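Here is the structure we will look at, set down as structure tokens.
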Amino acid sequence: MPCPVLTIDGPSGVGKGTVAKILARELGWHYLDSGALYRIVACAAMERGVDLTDGAALAVVASDLDVSFDLIGPDGEVILLAGHDITAEVRSEACSRGASIVAARPEVRAALLTRQKQFRQLPGLVAEGRDMGTVVFPDAALKIFLTASPEERALRRHKQLNQKGLGVSLSALSQQMQERDQRDSSRAEAPLVAAADALQVDTTQLSVEQVVAVIRDLAKKVAYLR
Ligand code: DC
């Protein structure tokens with residue numbers, strides 16, 4: 001039997017990171033924050049003075065990332081690059097914007113594809129992002145696609161950034177998220193779209209606990225996720 005994978009895809013601010021981490025912890029599975037990989041490529045490229053539209057140079061940056069994710073607390077995460085904690089840096093607005101630009105480059109996506117597949121290790125993997133169910137793990141046992149209204153997503157992201165001390169205005173954030181969503185959904189390569197066999201969950205009116213409960217119930221119906 002192949003190593004089981006639960007994929008959770010959706011747009012930014014939908015809460016997929018929070019629920020993915022809780023479920024990974026509950027199941028005792030590995031966790032892949034694929035968005036962080038794109039963020040790290042953008043951060044590293046900016047640090048090295050690499051042009052964010054130079055696909056070939058970005059692919060080199062993407063190919064040698066020594067990255068790992070440590071889960072801490074109920075839904076916290078530490079992102080390590082070569083053992084160095086870069087968690088706060090990758091969440092900055094500059095890296096978020098850069099991530100959405102580099103994510104549109106096919107060379108970057110190709111370089112990160114192998115890297116992402118390597119996270120699939122026993123006893124299982126919870127993978128979150130935009131194309132986990134469509135491109136990276138098309139044979140996943142359970143594919144979830146989370147949605148929420150744009151207003152609710154902006155509010156959630158605003159709260160999350162404020163908690164991390166990264167204050168931004170709600171209207172500016174809302175505008176930036178719309179631009180990123182547009183770029184993520186309209187790109188030619190692996191655009192943000194639900195897999196045909198993904199189960200869609202509208203989280204606008206649901207708490208984190210309720211979303212986790214819905215996915216947990218769906219997971220119980222898939223024999224080897226029990
Ligand atoms: O989920 P996030 O906000 O950390 O993602 C950062 C950017 O990376 C976002 O613009 C979409 C992109 N991304 C992607 O193209 N494919 C993924 N699997 C995950 C993220």
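Given the structure is predicted, the values throughout are model-derived calculations rather than measurements.
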Compare every heavy atom of Arg156 with every heavy atom of Val14, then report the nearest pair and how far apart it is. O-NH1, 3.0 Å
Val136 and Phe145: same hydrophobic cluster, using ILVMFWY side-chain contacts below 4.5 Å? no
Does Arg105 reach the main-chain N or O of Glu107 with its side chain, forming a donor-acceptor pair under 3.5 Å? no
For residues Ser34 and Gly129, report the shortest heavy-atom separation together with the two atoms involved. OG-CA, 3.3 Å
Do Ile101 and Val90 sit in the same hydrophobic cluster, where Ile, Leu, Val, Met, Phe, Trp and Tyr count as joined when their side-chain heavy atoms come under 4.5 Å apart? yes
For the side chain of His30 and the backbone of Leu122, is there at least one donor-acceptor N/O pair under 3.5 Å apart? yes
Are Arg157 and Ser174 packed together at the side-chain level, in the sense that at least one heavy-atom pair is separated by less than 4.5 angstrom? no
Please confirm whether the backbone N or O of Pro11 pairs with a side-chain atom of Arg153, one donor and one acceptor, at under 3.5 Å? no
Does Val67 offer a backbone N or O that forms a donor-acceptor pair with the side chain of Arg115 under 3.5 Å? yes
Within a strict 4.5 Å, meaning less than it, do heavy atoms of the Glu128 and Thr7 side chains meet? no
Transitive ILVMFWY side-chain link Val168 to Met177, under 4.5 Å: yes
Non-hydrogen side-chain atoms of Ser96 and Arg180 separated by less than 4.5 Å: yes
Table please: side-chain donor-acceptor pairs of residues 44-55 below 3.5 Å, with sequence neighbours left out.
from: Asp51; atom 1: OD1; to: Thr53; atom 2: N; distance (Å): 2.9
from: Asp51; atom 1: OD1; to: Thr53; atom 2: OG1; distance (Å): 2.9
from: Asp51; atom 1: OD2; to: Thr53; atom 2: OG1; distance (Å): 3.4
from: Asp54; atom 1: OD1; to: Ala56; atom 2: N; distance (Å): 3.4
from: Asp54; atom 1: OD1; to: Ala57; atom 2: N; distance (Å): 3.2

So, do Tyr31 and Phe119 have ring centers that fall under 6.0 Å from each other? no
N-O pairing of Asp33 and Lys16 below 4.0 Å: no
Sole candidate of Gln176, Gln175, Gln182 that passes side-chain hydrogen bond (donor to acceptor under 3.5 Å, both in side chains) when paired with Glu179: Gln175
Heavy-atom closest pair, residues Glu89 and Cys43: O-SG, 4.1 Å
Identify the heavy atoms of Gln160 and Thr18 that sit nearest to each other, and give their distance. NE2-OG1, 4.4 Å
Side-chain heavy atoms of Met132 within contact of Val5, under 4.5 Å: no
Identify the heavy atoms of Val19 and Ile8 that sit nearest to each other, and give their distance. CG2-CD1, 4.3 Å
Nearest heavy-atom approach of Ala24 to Leu71 is CB-CD1, 4.1 Å
Is the closest side-chain heavy-atom distance between Leu32 and Val126 below 4.5 Å? no
Any donor-acceptor pair under 3.5 Å from Ser63 side chain to Ala111 backbone: no
Is the shortest heavy-atom distance from the side chain of Leu142 to the side chain of Leu199 under 4.5 Å? yes
Would you say Arg97 and Arg183 make side-chain contact, with heavy atoms under 4.5 Å? yes
Are any side-chain N or O atoms of Thr203 and backbone N or O atoms of Thr147, one a donor and one an acceptor, separated by less than 3.5 Å? yes
When hydrophobic residues are tied together by side-chain contacts of less than 4.5 Å, even through go-betweens, does Leu155 share a cluster with Leu161? no
Any link between Val102 and Leu192 through a network of hydrophobic side chains (Ile, Leu, Val, Met, Phe, Trp, Tyr) touching at under 4.5 Å? no
Under the 3.5 angstrom rule, does the side chain of Asp9 hit a backbone N or O of Gly133 as a donor-acceptor pair? yes
With side chains defined as the heavy atoms from C-beta onward, is the minimum distance between Arg91 and Ile79 less than 4.5 Å? yes
